[in-house]
Structure formats: C-alpha cells, structure tokens
Amino acid sequence: MKQSVLPRLALLALIWGSSFLWIKLADRGFPPIEVTFARLALGAAVLLPIVAARREEVPRSAPVWGHIAMAALFANAIPYLLFAVAEQSVGSSTAGIINATTPLWTVLLALAVRHQKSVTGWQGAGLIVGFGGALLIFSPWHSASGVASAGGLECLGASVSYAASYIYMDRFLVRRGLSPIALSACQLLVAALWLALALPVAGARAPHIGAASLAGLAILGVLGTGIAYVLNYQIITSEGATVASTVTYLLPVVAIVLGVLVLGETVTVAALAGIVLVLAGVALTRHRAKSAVRDQAH
C-alpha cells in the first residue's frame, strides 16, 4: 500500500506556511530580487551535495533540461519574485488568501490544456469547500483594497504561475525516472541562474543586513526552498498536480497556529470554522484521488 500523502502535505504546509514570515524578515534587509536569488541559490546548495553523495542520476539530454528550465521559470523564478515584491506592500494575510486560489487555477488550466478531462463531484466539492475555509480565515472583505492593489495582483500572478508549473511538471518531468531530489536540485539551480541573469539590470537598492533578515533568508532558502521542494516533487509524482496543489489550503492553518503559539494572537470563531473547512476540503480532494486509484485497479 502506498504511504499516505497526508503527513507529507502537512509537513510541506508547515514549511511553506511559515515562508511568508521569512520573506517579510528578509525583505527588511534585502531587495526582493536578491531575496529570491539567495533563496534559490541556498536551496540548490543544500540539495546538490546530497545528489552527489547519493550518486543520483541527473538529466543528460537537452530536451529534459529545457523542461527543467521552463519549470524553474514558472514554479520558482516568477512566483518567488512576485511574492517577494508583493509583500513590500501587502500583508501576509492578503498574500495567503490569494495564494490559496492556486488549486482552483490548477484545475482550470488542467482542463483548458486537457491535462485533466473532467472534475468529479468529490474533487469539485473539495476545492470549493477548501477555498471557502481560506476565505473565512482571512476575511478579505475587511481588506479589499489590499486584494485589489498592485501587490494583490502580483500575488495573483504568482498563484497562476504556480498552477501552470504543477501541470507542467506533472506532464513533462515527474515520470522521467529521476529522483525527486535530483529534479529539485536541478530545477532550483536553473531558477537561480534565471535570477542571476536579472540581477545586473534590476537596479536593486543596497542591502541593510541585520540578524533578523539574515536568519529569515537562511531559513527561507535552506528549509523553505531546498527541503520543501523535494517534498513537493514527491507529492506530484505520487498523487498528481491537482492534489499536490491543495497544500496551499493548509497554509492559512499554519499561519493561524504560528500566530497563536509564537505571537500570542487570538483565534476568532470564523478562523476556527475556516480551519475545519480547509481540512475538510483537502479530505474531499483526497477521496477523489483514492476513488480514481480504485477505478484504475479494476
């Protein structure tokens, strides 16, 4: 029996759910493009030695590297930079709620390009319920200006880019016989190169290095990029793009829990109801995936 994906989804949500905090801290000391480049370079630096030590097979053909370059652009370079820029002007709650739309965009794009032929009732219900939970948690109607601002649109662009990357990786990369670690290392390396090309023309301000910004950048790169991306590829490989994208529904839950435990924040009734709906949405989407596996087995 396949190992349950729920523990891996929860761990990935814990890592990525705290990333908005680390981005905020890193933005205090470094320009967004430098934050993005550093997190990608650190993520690659963590994974490449592991690939070498384990003697993992790496891609050898130009077409595969071309697919990795496209995945790196849409899964890493573009959305990471957009969120780093956006969080200079919008709060983490606004970024979180817009990021939670990623599964919806994933389904819509998958249907548009015929990567997925239809949506079952369970899957559709899970996506709607999960998004409703995210809405309750962040109550964006109290900060509509943030959602409609330039920063909000940047977050939306990042979410659509994430959605496109899930489909692209699922279609062109995850069944190449390469390990998740090798794929993640190569992709992060190429994404860092994309940002390196942009650094000379970005006109970034001089950094104001401090302990908090350095710590935020280090955690964001090593844990939130390097280790997290291995988990992400494992989930896409075993469960597919749509299920993997539902991790974004768990990010608001992580934000609330961290707020209570670390910052002493209070949790509203609406937020608690939102947590229940988020978890129910993920469970409904998983029901669809299990049903599909049973159908294929017959």
Side-chain angles (χ1 to χ4, degrees), residues 12 15-16 19-20 22-24 26-27 30-48 58-59 62-88 95 98-99 101-102 105-106 109 150-151 153-174 180-204 207 216-233 236 241 244-245 247-248:
L12 186 58
I15 295 172
W16 274 346
S19 290
F20 294 116
W22 309 128
I23 291 172
K24 278 284 189 185
D27 272 350
F30 301 91
I33 193 167
E34 293 181 8
V35 170
T36 308
F37 170 74
R39 74 176 291 190
L40 290 168
L42 284 171
V46 168
L47 297 184
L48 287 172
V58 297
V64 174
W65 278 105
H67 290 311
I68 289 174
M70 290 300 295
L73 186 64
F74 287 101
N76 307 111
I78 291 175
Y80 287 8
L81 181 58
L82 285 175
F83 272 122
V85 172
E87 286 204 49
Q88 291 187 315
I98 297 175
N99 188 54
T101 65
T102 297
W105 295 116
T106 302
L109 290 176
L153 293 177
E154 288 159 355
C155 291
L156 181 60
S159 300
V160 175
S161 186
Y162 276 142
S165 73
Y166 276 114
I167 298 168
Y168 193 90
M169 289 186 290
D170 193 27
R171 174 175 288 185
F172 296 111
L173 286 174
V174 297
I181 294 178
L183 277 174
S184 300
C186 294
Q187 185 169 315
L188 293 177
L189 176 63
V190 174
L193 294 176
W194 279 120
L195 266 295
L197 293 175
L199 281 173
V201 296
L217 194 58
I219 296 172
L220 185 64
V222 174
L223 186 63
T225 306
I227 295 174
Y229 226 74
V230 175
L231 287 171
N232 187 50
Y233 253 122
I236 295 175
S245 70
V247 69
T248 56

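Computed from a predicted model, the values in this text were never measured in an experiment. Positions are given from 1, in the same order as the sequence printed here.
For the side chain to side chain donor-acceptor pair (under 3.5 Å) test, residues two or more places apart in sequence or in another chain that qualify with Y229 are Q187. Partners of F74 by ring pair (Phe, Tyr, Trp, His ring centres under 6.0 Å), not counting sequence neighbours: none found.
Taking the side chain as every heavy atom from C-beta outward, W194 and I78 never approach each other to under 4.5 Å. By the 4.5 Å heavy-atom criterion applied to side chains, L195 and Y80 are not counted as neighbours. A 4.5 Å side-chain heavy-atom check between Y166 and T102 finds at least one atom pair inside the cut-off. Between I68 and P59, some side-chain heavy-atom pair lies under the 4.5 Å cut-off.
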Can I get a per-line list of side-chain donor-acceptor pairs under 3.5 Å for residues 35-46, giving both atom names and the distance, sequence neighbours left out?
{"from": "T36", "atom 1": "OG1", "to": "P32", "atom 2": "O", "distance (Å)": "2.9"}
{"from": "R39", "atom 1": "NE", "to": "T225", "atom 2": "OG1", "distance (Å)": "2.9"}
{"from": "R39", "atom 1": "NH2", "to": "T225", "atom 2": "OG1", "distance (Å)": "3.3"}

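Rounding to the nearest 0.5 Å places OG of S161 at 7.0 Å from CG of L73. For the atom pair F20 CZ and N99 CG, the distance stands at 4.5 Å (nearest 0.5 Å). Distance check: D27 CG to E34 CD gives 11.0 Å after rounding to the nearest 0.5 Å.
Between F172 and H67, the ring planes lie parallel to each other; the angle is under 30°, not in the 30° to 60° tilted range.
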Might you work through the side chain to side chain contact (heavy atoms under 4.5 Å, CB included) test for S19 and L220, ending with a clear yes or no?
CA-CA 6 Å; S19 290; L220 185 64; 4.0 Å; yes
Could you walk me through whether I15 and L231 satisfy the side chain to side chain contact (heavy atoms under 4.5 Å, CB included) test, starting with their C-alpha distance in whole Å, then the side-chain angles of each, then the deciding distance to 0.1 Å, before giving a yes or no?
CA-CA 10 Å; I15 295 172; L231 287 171; 4.2 Å; yes
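Residues L109 and A164 approach most closely at CD1-N, 3.8 Å, considering heavy atoms. The minimum heavy-atom distance between L173 and A71, with the atom names listed, is CD1-CB, 3.7 Å. Shortest non-hydrogen contact noted between A75 and M169 is CB-CE, 4.2 Å. Residues L82 and A158 share a closest heavy-atom pair of CD1-N, 3.5 Å.
A donor-acceptor contact shorter than 3.5 Å links the side chain of S165 to the backbone of Y162. Side-chain atoms of W16 come within 3.5 Å of backbone N or O of G224 as a donor-acceptor pair.
Tested against V230 for a side-chain contact (heavy atoms from CB on, under 4.5 Å), the candidates I181, L183, L12 yield a single pass: I181.
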